[in-house]
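Bear in mind the structure is a predicted one, so any value in this text is a computation, not a measurement. Values below: all heavy atoms of this structure, side chains included; hydrogens, waters and symmetry mates excluded. We count residues from 1, following the sequence as given.
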Amino acid sequence: MSIAPNSVKEQQRIYALAYSIAERAHAGDIRHLPDARPYFEHVQDVAALMPTWELKTVAILHDAIEDSVKKPDGIKVTEDTLKTAGIPLHIVAGVVAMTRPEGMDYAKYVENVVKPNDLARAVKLADNYVNLKDRIAALIGGDLSAAEKVNKYGISLQILTNPKK
């Protein structure tokens, strides 16, 4: 179920709401890369690649649940807090699909949780691109530990772009 195409103002309102939720959820978080930039810049980078407001909204929130799980109420983001805030259910479903269940193998998560959800699949492709760009830069800079992450994102891209299943 999409937001009516003629309601751009409504789409922008929902994105602005999601933006403020994500900004609060990631406040003070730093990327674990040599540049140590604020984590919120990562979700902004992913959202900037998205062609629609729905995809931008899932993208800006794509790490909010997973990364705020240990944060206090009021900052912590859950499926219920997104619903209560008025985020449309199909967008909430995309964000939930972007949230890796604890202990689940990464490849199985991409195949069985992300790939079946069209919004999550598109956002995960962009997330992989941004992560690859950042990790390759780290690898070129001499951080050999980035190679494992580069491989992980490559596997994810392979799963997401395979037309089977």
Sort and list the pairs that fulfil salt bridge (Lys or Arg N to Asp or Glu O under 4.0 Å) and have at least one residue in residues 94-105, not counting sequence neighbours.
none
Shortest non-hydrogen separation from Lys124 to Ser156 and the atoms involved:
CG-OG, 4.1 Å
Closest approach of Ile60 and Ala18, non-hydrogen atoms and distance?
CG2-CB, 3.7 Å
Closest approach of Ile91 to Leu119 (non-hydrogen atoms, all atoms of both residues):
CA-CD1, 4.3 Å
Over all atoms of both residues, closest heavy-atom pair of Ala59 and Met50:
CB-CG, 3.8 Å
Keeping the roles fixed (side chain from Asn112, backbone from Lys108), state whether a donor-acceptor pair exists under 3.5 Å.
yes
Lys56 versus Tyr19: any side-chain heavy-atom pair under 4.5 Å?
no
Determine the minimum heavy-atom distance between Ala126 and Val46, stating which atoms define it.
CB-CG1, 4.0 Å
Is the closest basic N to carboxylate O distance between Glu10 and Arg13 below 4.0 Å?
yes
Quick note, ring pair (Phe, Tyr, Trp, His ring centres under 6.0 Å) partners involving residues 51-76, not counting sequence neighbours, are Tyr15-Trp53, His42-His62
Distance (rounded to the nearest 0.5 Å) between Ile14 CD1 and Thr57 OG1
7.0 Å
Are Ile21 and Thr81 side-chain neighbours, meaning at least one heavy-atom pair lies under 4.5 Å?
no
Looking at residues at least two apart in the chain, or sitting in another chain, which of them share a salt bridge (charged side-chain N to carboxylate O under 4.0 Å, His left out) with Lys133?
none
Name all pairs fulfilling the salt bridge (Lys or Arg N to Asp or Glu O under 4.0 Å) condition that reach into residues 75-86, sequence neighbours left out, sorted by first residue then second.
Glu79-Lys83
Does a side-chain heavy-atom distance below 4.5 Å link Asp63 with Tyr39?
yes
Determine whether Met104 and Ile159 fall in the same hydrophobic cluster, where Ile, Leu, Val, Met, Phe, Trp and Tyr are linked whenever their side-chain heavy atoms lie under 4.5 Å apart.
yes
Indicate if Val69 and Leu82 have the same hydrophobic cluster label, given that clusters are the connected sets of ILVMFWY residues with side-chain heavy-atom separations under 4.5 angstrom.
no
Keeping to residues at least two apart or across chains, list the ring pair (Phe, Tyr, Trp, His ring centres under 6.0 Å) pairs with something in residues 119-140.
none
Under the salt bridge (charged side-chain N to carboxylate O under 4.0 Å, His left out) rule, collect the residues that match up with Arg24, sequence neighbours excluded.
none
Do Val95 and Leu89 sit in the same hydrophobic cluster, where Ile, Leu, Val, Met, Phe, Trp and Tyr count as joined when their side-chain heavy atoms come under 4.5 Å apart?
no
By side chain to side chain donor-acceptor pair (under 3.5 Å), Asn151 pairs with (sequence neighbours left out) none
Ignoring hydrogens and geometry, is there a side-chain-to-backbone donor-acceptor pair from Asn162 to Gln158 under 3.5 Å?
no
How close do Ala147 and Leu139 get, counting heavy atoms only, and between which atoms?
N-CD1, 3.9 Å
Could you grab the distance from atom CD of Glu148 to atom CZ of Arg135, nearest 0.5 Å is fine?
10.0 Å
Cluster overlap Ile155 with Val110, hydrophobic side-chain contacts below 4.5 Å
yes
With sequence neighbours excluded, tell me which residues meet side chain to side chain donor-acceptor pair (under 3.5 Å) with Asn117.
none
Test salt bridge (charged side-chain N to carboxylate O under 4.0 Å, His left out) on Arg121 and Asp118 and set out the steps.
CA-CA 5 Å; Arg121 182 177 176 274; Asp118 290 339; over 6 Å; no
Atom pair CD1/CD of Ile30 and Glu41 - distance to nearest 0.5 Å:
8.5 Å
For Asp67, give me all partners under salt bridge (charged side-chain N to carboxylate O under 4.0 Å, His left out), at least two apart in sequence or on another chain.
none
Pairwise salt bridge (Lys or Arg N to Asp or Glu O under 4.0 Å) hits with a residue in residues 43-53, at least two apart
Arg37-Asp45
Compare all side-chain heavy atoms of Asn131 with those of Lys152 and state whether any distance is below 4.5 angstrom.
no
Looking at side-chain heavy atoms only, is the closest gap between Val8 and Gln12 below 4.5 Å?
yes
I'd like to check Tyr109 versus Val114 (side-chain heavy atoms, cut-off strictly below 4.5 Å). Are they in contact?
yes
Side-chain contact, heavy-atom cut-off 4.5 Å: Leu125 with Leu49?
no
Looking at Val77, is its backbone amide N or carbonyl O close enough to the side chain of Ser68 to form a donor-acceptor pair, meaning the two atoms are under 3.5 Å apart?
yes
Flag, side chain of Thr52 to backbone of Leu55, donor-acceptor distance under 3.5 Å
yes
NZ of Lys149 to CG of Asp134: how many Å apart, nearest 0.5 Å?
12.0 Å
Tyr153: what forms a side chain to side chain donor-acceptor pair (under 3.5 Å) with it, not counting sequence neighbours?
none
Contacts of type salt bridge (charged side-chain N to carboxylate O under 4.0 Å, His left out), residue Glu66, not counting sequence neighbours
none
